[in-house]
Amino acid sequence: MKGILLAGLCAFLNLPFSFAATPHQQLIQLSAAGASNGIIKLDADTFDLLTSPKRTWSASIQLTALDARRKCNPCKEFNPSWNAVAKAWGKLPEGQRNQHFFATLDFDDGSTIFQRLGLASAPVVFNYPPAEGDRKPASGRLGPFKYDFSDGFAPGPLAEYLSQHTPTAIPYKDPIDWTRWITIGVGILGALLTLTFIAPIVQSRWTWAAGTVIVSLVMTSGFMFTRIRGVPYNGGDGNWIAAGYQNQFGQEVQVVSFIYGLLSFAFLMLIMIVPYQSSPQRQRMQVYLWTGVIMLVYSVLVSLFRVKNRGYPFKMFF
């Protein structure tokens with residue numbers, strides 16, 4: 001009788017051990033107990049549990065430092081993307097999502113793990129493949145795969161990369177950027193309203209003629225020469241004329257194009273306006289006026305040549 005009682009007592013004492021959860025079941029419980037995104041919050045012990053050398057599951061782990069004392073701005077910038085991808089994984093059926101776990105280890109919760117892995121910066125994302133079972137890599141590599149942040153902290157590239165190591169692709173989709181679309185819509189509406197008011201100006205041939213003339217003057221004054229060579233706007237000491245014909249400042253382009261434009265305008269006045277004046281006196285005065293403008297402005301242009309090259313032999317008034 002005593003033997004029967006002793007055997008029953010031993011069986012009763014062994015019940016907790018017979019019903020103890022397996023490591024995989026423990027991880028499932030930790031994932032369910034986490035936030036709505038299913039991310040397991042790790043410490044040194046749970047990190048070792050998740051990365052067990054006998055694991056039949058895979059895991060993606062973010063190693064970060066989110067405490068304000070750490071002043072890790074990249075960690076704070078990347079964390080929302082990590083949460084978004086994990087939340088998308090949590091939408092899969094239980095049978096699929098329980099084969100891969102998302103977890104986060106903060107430096108303050110597992111500094112020894114950071115030291116063990118030789119990490120001196122954060123954030124870092126490691127993906128651990130299964131070490132046993134059907135999903136064990138054919139290459140035999142059981143060590144973690146490190147995510148390369150060359151594509152930045154956006155969740156899209158992260159989900160695409162992690163999908164290479166998960167049982168099924170992560171169903172992540174970028175949320176609709178309503179601010180962007182509203183901005184585009186307002187911009188298009190504003191452009192249409194503006195076009196309604198400026199349409200007569202845009203459709204005028206005189207507008208296009210003036211634009212063509214201005215562009216021609218600027219280009220023939222050396223604009224592309226200065227842009228290609230990346231020359232400064234002026235000499236820095238107040239000098240805006242560069243010595244030599246192979247050198248030119250940005251301000252010099254503006255002055256030369258203005259001179260060319262004024263000369264062209266004076267010639268156009270003599271050709272197109274003066275001949276049609278009804279009064280001989282007015283016509284004579286305009287001939288004198290525009291001829292004088294041409295001679296004075298041309299004298300300034302020749303003087304610029306003399307400044308750029310002291311050996312230039314010609315001059316008019318200056």
Side-chain angles (χ1 to χ4, degrees), residues 177 179-310 312-318:
D177 190 350
T179 303
R180 176 173 175 266
W181 286 108
I182 291 175
T183 303
I184 293 176
V186 172
I188 293 175
L189 181 60
L192 292 175
L193 292 175
T194 303
L195 187 61
T196 302
F197 292 103
I198 67 173
I201 300 175
V202 174
Q203 295 175 356
S204 173
R205 62 178 182 177
W206 291 107
T207 301
W208 290 98
T212 302
V213 170
I214 293 174
V215 171
S216 300
L217 290 174
V218 172
M219 292 301 177
T220 56
S221 300
F223 176 77
M224 291 306 299
F225 178 87
T226 58
R227 293 292 294 176
I228 292 173
R229 296 198 174 191
V231 300
Y233 182 70
N234 52 43
D237 56 353
N239 184 20
W240 55 272
I241 303 177
Y245 292 137
Q246 298 300 319
N247 301 307
Q248 190 174 14
F249 291 132
Q251 188 175 359
E252 192 175 342
V253 173
Q254 299 176 358
V255 175
V256 173
S257 60
F258 175 76
I259 291 175
Y260 284 167
L262 189 55
L263 284 172
S264 302
F265 181 75
F267 277 108
L268 288 174
M269 294 298 292
L270 284 174
I271 297 171
M272 301 181 64
I273 302 300
V274 173
Y276 297 98
Q277 297 299 314
S278 58
S279 172
Q281 292 81 9
R282 181 179 299 176
Q283 188 179 63
R284 186 180 301 108
M285 289 299 298
Q286 290 193 12
V287 169
Y288 295 154
L289 172 63
W290 295 115
T291 301
V293 170
I294 291 173
M295 297 180 67
L296 288 174
V297 175
Y298 194 77
S299 298
V300 174
L301 182 62
V302 173
S303 68
L304 291 179
F305 293 153
R306 292 175 61 85
V307 173
K308 295 185 71 65
N309 188 347
R310 298 296 181 180
Y312 190 76
F314 306 106
K315 69 174 183 178
M316 289 187 67
F317 297 140
F318 310 110

Scan residues 221-236 for pairs that pass salt bridge (Lys or Arg N to Asp or Glu O under 4.0 Å), counting only residues two or more places apart or in two chains. none
Show, in sequence, the C-alpha distance, side-chain angles and deciding distance for Ile259 and Leu263, and conclude whether the side chain to side chain contact (heavy atoms under 4.5 Å, CB included) test is met. CA-CA 6 Å; Ile259 291 175; Leu263 284 172; 4.2 Å; yes
For the residue pair Ile188 and Ile184, establish whether any side-chain heavy-atom pair is separated by less than 4.5 Å. yes
Could you measure the distance from the CD1 atom of Ile294 to the CG atom of Leu301? Nearest 0.5 Å is fine. 12.5 Å
If you measure from CZ on Phe225 to CG on Asn247, what distance do you get to the nearest 0.5 Å? 6.5 Å
Return the minimal non-hydrogen interatomic distance between [X] and [Y], and the atom names on each side.
X	Y	answer
Leu192	Thr196	O-OG1, 2.9 Å
Leu217	Tyr260	CD2-CB, 3.7 Å
Val293	Ala266	CG1-CB, 4.2 Å
Trp240	Glu252	O-CB, 3.5 Å

Between Tyr233 and Gln254: side-chain donor-acceptor atoms closer than 3.5 Å: yes
CZ (Phe258) with more than 12 external heavy atoms under 6.0 Å: no
Quick check: are there more than 12 heavy atoms from other residues, nucleotides or ligands sitting under 6.0 Å from CE of Met285? no
For the ring pair Trp290 and Phe267, is the centre-to-centre distance below 6.0 Å? no
Flag, side chain of [X] to backbone of [Y], donor-acceptor distance under 3.5 Å:
X	Y	value
Ser204	Pro200	no
Gln283	Val274	yes
Ser221	Ser257	yes
Thr207	Ile201	yes

Side chain to side chain contact (heavy atoms under 4.5 Å, CB included) between Ile241 and Asn239, intermediate numbers included: CA-CA 6 Å; Ile241 303 177; Asn239 184 20; 4.1 Å; yes
Test side-chain contact (heavy atoms from CB on, under 4.5 Å) applied to Arg282 - qualifying residues, sequence neighbours left out: Gln277, Ser279, Gln286
